[in-house]
Amino acid sequence: MPGAPPDPSTHPLLRNLNAPQREAVCHAHGPLLILAGAGSGKTTVITRRIAWLIEEEGVHPGSILAMTFTNKAAEEMRERVQRLVSVPAAQMWVSTFHSFCTRILRREGERTPVGRDFVIFDPADQKSLMKQVLAELKLPEKQFHPKKALEVISDFKNRCLLPEEAREEALDPWTRKVLDAYDLYQKGLKNHRACDFDDLLLYTERLFRDPVVQAQYGERFKFILVDEYQDTNRAQYLLVQHLARRHHNLCVVGDEDQSIYGWRGADIRNILDFQQDFPEAVRIELLQNYRSTKKILDAASEVIANNSQRVEGKGALKTDLGDGETITFKLADEGRLEAEWVVQRIQELRYREPEAKVAVLYRANWQSRQMEEALRAQNLPYRLVGGVKFYERQEVKDLISYLRLISNPFDLVSFRRCVNAPTRGVGPTTLGKIEGAIPEGGTPLEGLAILLRAGELKGRAQREMGKFLELFHRAAAEREGQGLSGLVKWVLQESGYLQSLEDEATLEAEGRIRNLEEFLSAAAESESLGLRLSEFLDRITLAADADQVEESAHLSLMTIHCAKGLEFPFVFVIGMEEDVFPNRNARETPEGLEEERRLFYVAITRAQRRLTLSAARRRRIMGTEMLSMPSRFLRELPAEALTAPIRWGTELYQSGEGVRPGSSFTRGAGGGSVATELQRIRSFFDRVKEVPAPSGEPDGGRFSEPAEAKDPAAFEAGTRVKSARFGAGTVLASSGRGEGLTYTIRFDQGGDRRIMARFGGLERF
DNA sequence: AAAAAGTGGCTTTTT
DNA sequence: GCCACTTTTT
């Protein structure tokens, strides 16, 4: 209570906290910005602050709202708060933005276009609907990729713009066409009574524009907390503004250096401008790091110092954990060898510390494959996070489509899926008839019933469709009668889906049955939590990769995005190569590059004791052998980070201070433009063939082997060539042979092209 | 209509 | 290299 500050040595909620942490915990009223550096005990501070509000300020748990980005983070937060307080914390609203919005829309949903019994479309459903839309608009998929269109639409939605509003912006003709698709896509969603992920935020934000609704929820949530504030997009930002307008008790926690979701519409300015939004805001910096040793932290600081988009006047992270080990870097000749080397290091580590927790981190999911192969070869168990998700497997999606159609009969996408799974003799023709028979504002099942009554279906289709329709009639009763898992079991039996898999009697079908059994136990678990069908469906489509991280796993493989918020004593970051990390698509713009750098910062700061980086000179990407160049981020590491200078190509390469005199590498990515930076790297690459590779170099020395060395006339990767049409360039890779021999060439004037040897008129240059 | 065989296209990152 | 999509065969 107000008055003399509690004695930190006696109050349990302040025990073992440093000064700024204590300040943050005790701050109750008014806007608060907590800049929480990596490993600064953020979660402890957040949970204790909530506990403080409840215990010391007498705040009712039901008037506290906390937003996170993953379900796992939400659950952890709730549990930890519960352990600190004496009253039940169940009434606290702790959830992801998306779950929060779902909850609101299910209460207030009669005011949105989709009502309250909507389904949530996952990306696959979205794509399926978008394809229909594009076909209807006669937009060729060649120019209008469904995925691309959806991305553009998602950008608009994240900025809270509906089609009509988006149209007011100055747009190129292509985007205008996409807006037509947006319009029709929204209508399609409405017909399906469906929301996509972005709609959840968009509709809720619209709802809160209504002063009455805003007052209602604004009054209710007296204390609002947003975690990972740097990752909020415009819609989330506005949502929070609406809710906080009444009480101004808004606490946001974040770290602009860990903003890595710009591609999903996150706007780093939200956190950079918080103090402008709330001039009375108190700002607290948590800079004491309790996770990593000094060398790791120094490396992180040096790397991130190259970014310009940062909070002004923020201090640097400190640690008391000692200098620790030097960061090491391994350059392997080839991707497979890189993976094998990492596995070997892990085995050595295991020998000394059998219980050591290790993570292998990478930029993109495809990089896990070689690691997995190498791990399997050594029989090392590992846990893979992300990749092909459980709920995206074919058989699981099939089963879900039944459940969704039971839950929401307007869902045509699900209808299309389950109507012929297992095969019931319904092809495109029959499906077209059914869809044509759907009455205005009716459901696909009604359409089917009409068709059957009219005797339009013959033979197998007629028999099977009769049974199919009956299934859904009986489902209503089943849904009441038995629990969730009972319903799932019933659907598996009655639909004949399980039977058809059993009949297949293949190894693959067996695996699918096992997956369905796993799904069944997921349903049973949700049932025991008292979830209803629609809530269960929400839960599984809003489940994130990061939710399945098992902290108990001894060896985890995951993307850096998935690793955010986690820590491991031993961390490997693989694939430290240009075009892999930083990713090829991100390096073109300064913002993209800065985000990649933040991603690297996140990767580094996951490590507690030892950080190991690795790269490969050569690797197969998309089936073709590619040469790689060192990631520019390697150069941004402190000079001593690389234990010894290494050779990459013909250059002597060392981090921190550029390379030996005369090299094309110089320091300072922060300064030069992207173009000059690229030019530098390109010229480095071009020099490769000019100098003969030194021999006796333990790391191999040679820049590369020819990708496919069989044709005597073939150009090796790295060869300078001239094309009549495109001028001079450097061979990056070759594929195919004989007539089909094709080179990938990076031309000096810009752009990579694939050119067939027999047409290209290529000559050595 | 369903299964098998062939072709092209392309991969960040995810709630 | 893999997967989604298309064409061919049954």
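Excluded from the calculations below are hydrogen atoms, water molecules and symmetry mates; all remaining heavy atoms, backbone and side chain alike, are included. Convention: sequence-line order gives letters A, B, ...; per-chain numbering from 1.
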When rounded to whole Å, the CD to P distance for the pair A/Gln367 and C/dC2 reads 16 Å

Give the stems involving DNA chain B, where a stem is 3 or more consecutive Watson-Crick or G-U wobble pairs (i with j, i+1 with j-1, and so on) under 3.5 Å.
B:1-10 with C:1-10

What is the nucleic acid contact for A/Phe197, judged by heavy atoms within less than 4.0 Å: base, sugar-phosphate only, or nothing?
base

Between A/Glu625 and A/Arg618, is there a side-chain N and carboxylate O pair less than 4.0 Å apart?
yes

Set out, line by line, the N/O atom pairs under 3.5 Å between protein and nucleotides 3-9 of chain C.
residue, atom, partner, partner atom, Å
C/dC5, OP1, A/Lys131, NZ, 2.3

A/Asn71 CG to B/dT15 P, straight-line distance once rounded to whole Å
8 Å

Give the rounded distance in Å between these two atoms: CD of A/Glu372 and P of C/dG1.
16 Å

Sticking with atom P, work out how far B/dT13 lies from C/dA4, rounded to a whole angstrom.
14 Å

Which distance, rounded to the nearest 0.5 Å, do you find between the CG of A/Asp199 and the OG1 of A/Thr112?
9.0 Å

Could you tell me the separation between the CD1 atom of A/Ile120 and the C1' atom of B/dT15, rounded to a whole number of Å?
10 Å

Starting at the 5' end of DNA chain B, which residue's closest nucleotide do you reach first, A/Leu201 or A/Thr423?
A/Thr423

Expressed as a whole number of angstroms, how long is the span from A/Leu150:CG to B/dT15:P?
17 Å

Which part of the nucleic acid does A/Thr70 contact within heavy-atom distance under 4.0 Å: base, sugar-phosphate only, or nothing?
nothing

Between the side chains of A/Lys72 and A/Glu75, is the shortest nitrogen-to-carboxylate-oxygen separation below 4.0 Å, so that they form an ion pair?
no

Going by an N to O cut-off under 4.0 Å, is there a salt bridge joining A/Arg336 and A/Glu340?
yes

Could A/Asp125 and A/Arg404 be called an ion pair, given the rule that one side-chain N must be under 4.0 Å from one carboxylate O?
yes

Base, sugar-phosphate, or nothing for A/Asn158, non-hydrogen atoms under 4.0 angstrom?
nothing

Is a salt bridge present between A/Glu373 and A/Arg369, judged by a nitrogen-to-oxygen distance below 4.0 Å?
yes

Base, sugar-phosphate, or nothing for A/Ser99, non-hydrogen atoms under 4.0 angstrom?
nothing

Take atom CE of A/Met371 and atom C1' of C/dG1, then tell me their distance rounded to the nearest Å.
19 Å

Side-chain ion pair, A/Asp538 and A/Arg106, N-O less than 4.0 Å:
yes

Would A/Asp398 and A/Arg417 satisfy salt bridge (charged side-chain N to carboxylate O under 4.0 Å, His left out), going step by step from the backbone distance to the final call?
CA-CA 7 Å; A/Asp398 286 341; A/Arg417 182 165 194 121; 2.7 Å; yes

Sidechain N-carboxylate O distance under 4.0 Å for A/Arg597, A/Glu594:
no

Hey, are A/Lys42 and A/Glu228 close enough for a salt bridge, meaning a charged N less than 4.0 Å from a carboxylate O?
yes

How does protein contact run along nucleotides 7-12 of chain B, one letter per nucleotide 5' to 3', with B for base contact, S for sugar-phosphate only, - for none, heavy atoms under 4.0 Å?
--SBBB

Which residue, A/Gln126 or A/Arg424, contacts DNA chain B at a nucleotide closer to its 5' end, judged by nearest heavy atom?
A/Arg424

Can you check whether A/Thr541 has a side-chain N or O nearer than 4.0 Å to OP1 or OP2 of B/dT15?
no

Give the rounded distance in Å between these two atoms: CD of A/Glu625 and C1' of C/dG1.
13 Å

Which is true for A/Val426 with a 4.0 Å heavy-atom rule: it touches a base, it touches only sugar-phosphate, or it touches nothing?
sugar-phosphate

Parallel under 30°, tilted from 30 to 60°, perpendicular over 60°: which one fits the rings of A/Phe208 and A/Phe100?
tilted

For the pair A/Arg363 and A/Glu596, find out whether any cationic side-chain nitrogen is under 4.0 Å from an anionic carboxylate oxygen.
yes

